[in-house]
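A quick write-up on the structure given underneath.
Keep in mind that what you see is a predicted model, and the values were worked out from it rather than measured. Residue numbers begin at 1 in each chain, while the letters A, B, ... track the order of the sequences.
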Amino acid sequence: MASFKSLPGFRDFYPEELAPRTHLFRQWRRAAHAYGFQEYDAPVLESLDLYKAKSGDEIEGQLFSFADKGGRDVALRPEMTPTVCRMVGARANALKRPIKWFSIADFFRYERMQKGRGRCFAQFNADIFGEAGPEAEIELISLLIQCLRGLDLQAEDFYVRLSDRNLWFFYLAALGLEEEQTQSMLGAIDKFERLGEEAFKVYTDAHGAMSAELQAAVQRMLAIKTLSDLETVVAELDHPQLSARLDDWRRVLSGLEAMGLAEFVSVDLGVVRGLAYYTGFVFEAFDRKGDLRALAGGGRYDNLVQKLGGPDLPAVGFAIGDMTMELLLQERGLLPDVANKPDVYVVIGGPEERRVAFGDIAALRAVGYRVDYPLKDLGFGKQFKNATESGARLALIYGGDELANGVVKLRDLSQREEFEVPREQVALAVSDFLSA
RNA sequence: GCGGCCAUAGCUCAGUUGGUUAGAGCACUAGAUUGUGAUUCUAGGGGUCGCGGGUUCGAAUCCCGUUGGCCGCCCCA
């Protein structure tokens, strides 16, 4: 038993474990590129104050934080949003709008290990800065959907629940709630799905009993499933801000519909997300069948860049986590075998033949073929076994008999058929075989 | 931070009321096999039985503690 192990909550990625993750990253990157997003990266370590400024002092308990040797209070990043706001804020005047950026990176949170949750995990983050209108939401929600569809997940596998904190702000204000009451109520709404009416304790504990009318009004919003439900409720209130907000809803939903994505999106005002900094539309992606955590989440945060010291810059963003995503793909059998298999395995007769084979191996590799061979001299039987197990389709045989005749033998490993070609035509023969 | 379950080889597990040198399958390495791979046979490497303490003539086994893991709660950027 090895005396050193990885730290609690941290994962080793042996090749067979890295492969699925690489698959996720590749598909996410492909989707982001297709949508015209630019990739960026950033330091793993940031000033502790950056996170306190965004989330409050309580956040420190959930961070990997410490004082560095220069006495600076620092933290391993628990999320990308503060960092990307810092970066964009610093160059906001020089960046062409809209700013569409994405990253794939590791994050660290000091918390208890659980299914789909660890102390180090990866996220895909995508954000649009500088666009205040709902077109940014359309672009990001469709990118989110594409990130999951690129992994072969379909509309029956997942969906995106779309909600709106602005709608709640206006609605609760119209019902007579003050700012603080509104925040408590959003906390209750966040828990309503899990706790039912129990969730309103969050509100009543802080602000006293709520009227039957208030509770009925909130639950009525929570019951909304479609845009027309929403239009009905809003029409009854005859409230100018709410009516204006409905226009944004129509634009988002009709935009997504025009992209052919209507079946992936549902109206669900039960999603408010815990963060106080969200200012408008918020959305989360969920597995339709299982009981996994949210696959992804995001929303609009128009005040955050400024709050972190930058200019007033509207922003929308979302993140997808790797752990829950991988659990889902595993459940669905959608993790492909992406082990690195050689195209060609070279079987070598002995030391003399090895020298000759090395020249051809180098030439094949130089033009991009994946070529493997045994590092030590082995019997032919063992070499053919290795060739098969390597996953190569083709074996090249460099034996004494062949080389004496100036030829190399090609063996089709699946058909178990062999043929000889002159040595100088090996590259051509390999190319013909593999492209056939 | 709180609660429940668990911990024996790389993996899945067996191990009798506490009793000799802790086992199997899979995987790995080598041989049978000096020019032909999915089978077969043989051999080998790999364990301070999570760690520490206690009870005992004797502990993988019983007791206490601790660490780690899984699941749930809190939280979830």
Side-chain angles (χ1 to χ4, degrees), chain A residues 1-12 14-17 46 50-56 58-63 75-85 107-119 121 123 125 127 187 190-191 194-195 202 271-278 282 284 291-299 301 304 308 317-321 323-324 327 345 347-350 353 374 376-404 409-418:
Chain A
M1 191 69 70
S3 14
F4 291 109
K5 287 188 271 192
S6 66
L7 290 166
F10 287 80
R11 299 169 287 170
D12 290 325
Y14 286 81
E16 65 273 22
E17 290 149 356
E46 290 271 14
L50 178 64
Y51 302 112
K52 286 186 173 176
K54 184 208 152 203
S55 308
E58 323 76 55
I59 193 70
E60 189 172 353
Q62 296 175 63
L63 299 178
L76 290 171
R77 63 185 173 203
E79 57 168 327
M80 194 56 106
T81 306
T83 296
V84 71
C85 285
F107 299 94
F108 305 85
R109 297 180 186 175
Y110 200 89
E111 57 187 347
R112 193 86 177 153
M113 280 278 285
Q114 245 174 82
K115 188 178 186 182
R117 206 161 118 180
R119 288 183 170 182
F121 56 93
Q123 279 186 348
N125 274 263
D127 296 89
D190 191 36
K191 297 190 185 332
R194 196 155 34 88
L195 301 180
V202 173
V271 174
V272 295
R273 297 188 54 80
L275 303 320
Y277 65 80
Y278 282 119
V282 289
E284 292 189 332
D291 50 0
L292 295 170
R293 299 171 174 282
L295 296 165
Y301 50 98
L304 195 55
L308 294 176
F318 74 86
I320 315 175
M323 295 182 76
T324 302
L327 284 169
Y345 193 94
V347 171
I348 298 167
E353 294 84 354
K376 287 185 293 191
D377 291 327
L378 294 171
F380 277 77
K382 182 72 78 180
Q383 292 193 62
F384 281 105
K385 188 173 183 196
N386 288 347
T388 304
E389 290 174 353
S390 76
R393 291 161 54 201
L394 181 66
L396 294 184
I397 301 162
Y398 285 74
D401 298 346
E402 287 82 3
L403 296 186
K409 201 177 274 178
L410 277 68
R411 182 174 176 89
D412 180 334
L413 287 165
S414 56
Q415 300 301 311
R416 297 175 175 240
E417 288 168 358
E418 294 182 349

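Look at the P atom in both B:G44 and B:A22: the space between them is 16 Å, to the nearest Å. A gap of 14 Å separates the C1' atoms of B:A32 and B:U39, to the nearest Å. Going from the C1' atom of B:C28 to that of B:G46 covers 9 Å, rounded to whole Å. For the C1' atoms, the distance linking B:A14 with B:A24 amounts to 7 Å, nearest Å. Distance check on atom P: B:U56 versus B:C63 gives 16 Å, rounded to whole Å. Distance check on atom P: B:U12 versus B:G50 gives 14 Å, rounded to whole Å. Spacing of C1' atoms, B:U34 relative to B:G45, comes out at 26 Å, to the nearest Å. The same atom, P, is picked in B:A9 and in B:U48; the two are 8 Å apart, to the nearest Å.
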Under 3.5 Å, which donor-acceptor pairs do the side chains of residues 380-387 of chain A form with other protein atoms, sequence neighbours left out?
unit_1, atom_1, unit_2, atom_2, d
A:Gln383, OE1, A:Ile348, N, 2.8
A:Gln383, NE2, A:Ile348, O, 2.8
A:Gln383, NE2, A:Leu378, O, 2.8

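Secondary-structure stems of RNA chain B, taken as three or more successive Watson-Crick or G-U wobble pairs (i with j, i+1 with j-1) under a 3.5 Å distance threshold, comprise B:1-7 with B:67-73, B:10-13 with B:23-26, B:28-32 with B:40-44, B:50-54 with B:62-66.
Put simply, the side chain of A:Phe121 does not reach to within 4.5 Å of the side chain of A:Thr324, judged on heavy atoms. A:Leu304 places a side-chain heavy atom less than 4.5 Å from the side chain of A:Thr81. Using a 4.5 Å heavy-atom threshold, the side chains of A:Leu394 and A:Leu413 count as separate. No side-chain heavy atom of A:Lys115 sits under 4.5 Å from any side-chain heavy atom of A:Arg293. Residues A:Arg117 and A:Met323 form no side-chain contact, since every pair of their non-hydrogen atoms from C-beta on lies 4.5 Å or further apart.
The distance from atom CE of A:Met113 to atom P of B:G72 is 12 Å, rounded to the nearest whole Å. The CG-C1' distance, from A:Leu195 to B:C73, rounds to 11 Å in whole Å. A straight line from NZ of A:Lys54 to P of B:C76 spans 11 Å, rounded to a whole angstrom. When rounded to the nearest whole Å, the span between CZ of A:Arg293 and C1' of B:C71 equals 12 Å. In this entry the distance linking CD of A:Glu111 with P of B:C73 reads 14 Å, nearest Å. Rounded to an integer number of Å, the gap from A:Arg273 CZ to B:C76 P is 11 Å. Here the P atom of nucleotide B:C70 and the CZ atom of A:Arg117 are 12 Å apart, to the nearest Å.
Nearest to the side chain of A:Pro8, among B:A77, B:C74, B:G68, sits B:G68.
Judged by the 6.0 Å and 45° rule, A:Arg119 forms no cation-pi pair with A:Phe108.
Residue A:Lys5 places no side-chain N or O under 4.0 Å from the OP1 or OP2 atom of B:G69. For A:Arg194 and B:G72, the shortest distance from a side-chain N or O to OP1 or OP2 is not below 4.0 Å.
The existence of a salt bridge linking A:Glu17 and A:Arg11 is excluded, since no basic side-chain nitrogen approaches an acidic carboxylate oxygen closer than 4.0 Å. Salt bridge present: A:Glu418 and A:Lys409 bring a charged side-chain N and a carboxylate O closer than 4.0 Å.
Nucleic acid contact class of A:Gly297 (heavy atoms, under 4.0 Å, all strands): none. A:Met80 comes within contact range of no nucleotide atom at all, as no heavy-atom separation falls under 4.0 Å. Counting non-hydrogen atoms under 4.0 angstrom, A:Gly9 reaches the backbone sugars and phosphates but no base.
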Provide a list of protein-nucleic acid N or O atom pairs under 3.5 angstrom, restricted to nucleotides 36-39 of chain B.
unit_1, atom_1, unit_2, atom_2, d
B:U36, O2, A:Arg411, NE, 3.3
B:U36, O2, A:Arg411, NH1, 3.0
B:U36, O2, A:Glu418, OE2, 3.1
B:U36, N3, A:Glu418, OE2, 2.4
B:U36, O4, A:Lys409, NZ, 3.1
B:U36, O4, A:Glu418, OE1, 3.2
B:U36, O4, A:Glu418, OE2, 3.4
B:G37, O4', A:Lys385, N, 3.4
B:G37, N7, A:Arg411, NH2, 3.0
B:G37, O6, A:Arg411, NE, 3.2
B:G37, O6, A:Arg411, NH2, 2.6
B:G37, N1, A:Leu413, O, 2.4
B:G37, N2, A:Thr388, OG1, 2.8
B:G37, N2, A:Leu413, O, 2.8
B:G37, N3, A:Thr388, OG1, 2.2
B:A38, N7, A:Arg416, NH2, 3.1

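Mapping A:Pro78 and A:Gly399 onto RNA chain B by nearest heavy atom places A:Gly399 at the nucleotide closer to the 5' end. Comparing A:Gly379 and A:Leu63 against RNA chain B, the residue whose closest nucleotide sits nearer the 5' end is A:Gly379.
Rounding to the nearest 0.5 Å gives a distance of 9.0 Å between CG of A:Asp401 and CD of A:Glu353.
Checked by distance alone, A:Arg112 brings no side-chain donor or acceptor within 3.5 Å of a matching partner on the base of B:C75.
Not one N or O on the side chain of A:Gln62 forms a donor-acceptor pair closer than 3.5 Å with the backbone of A:Ile59.
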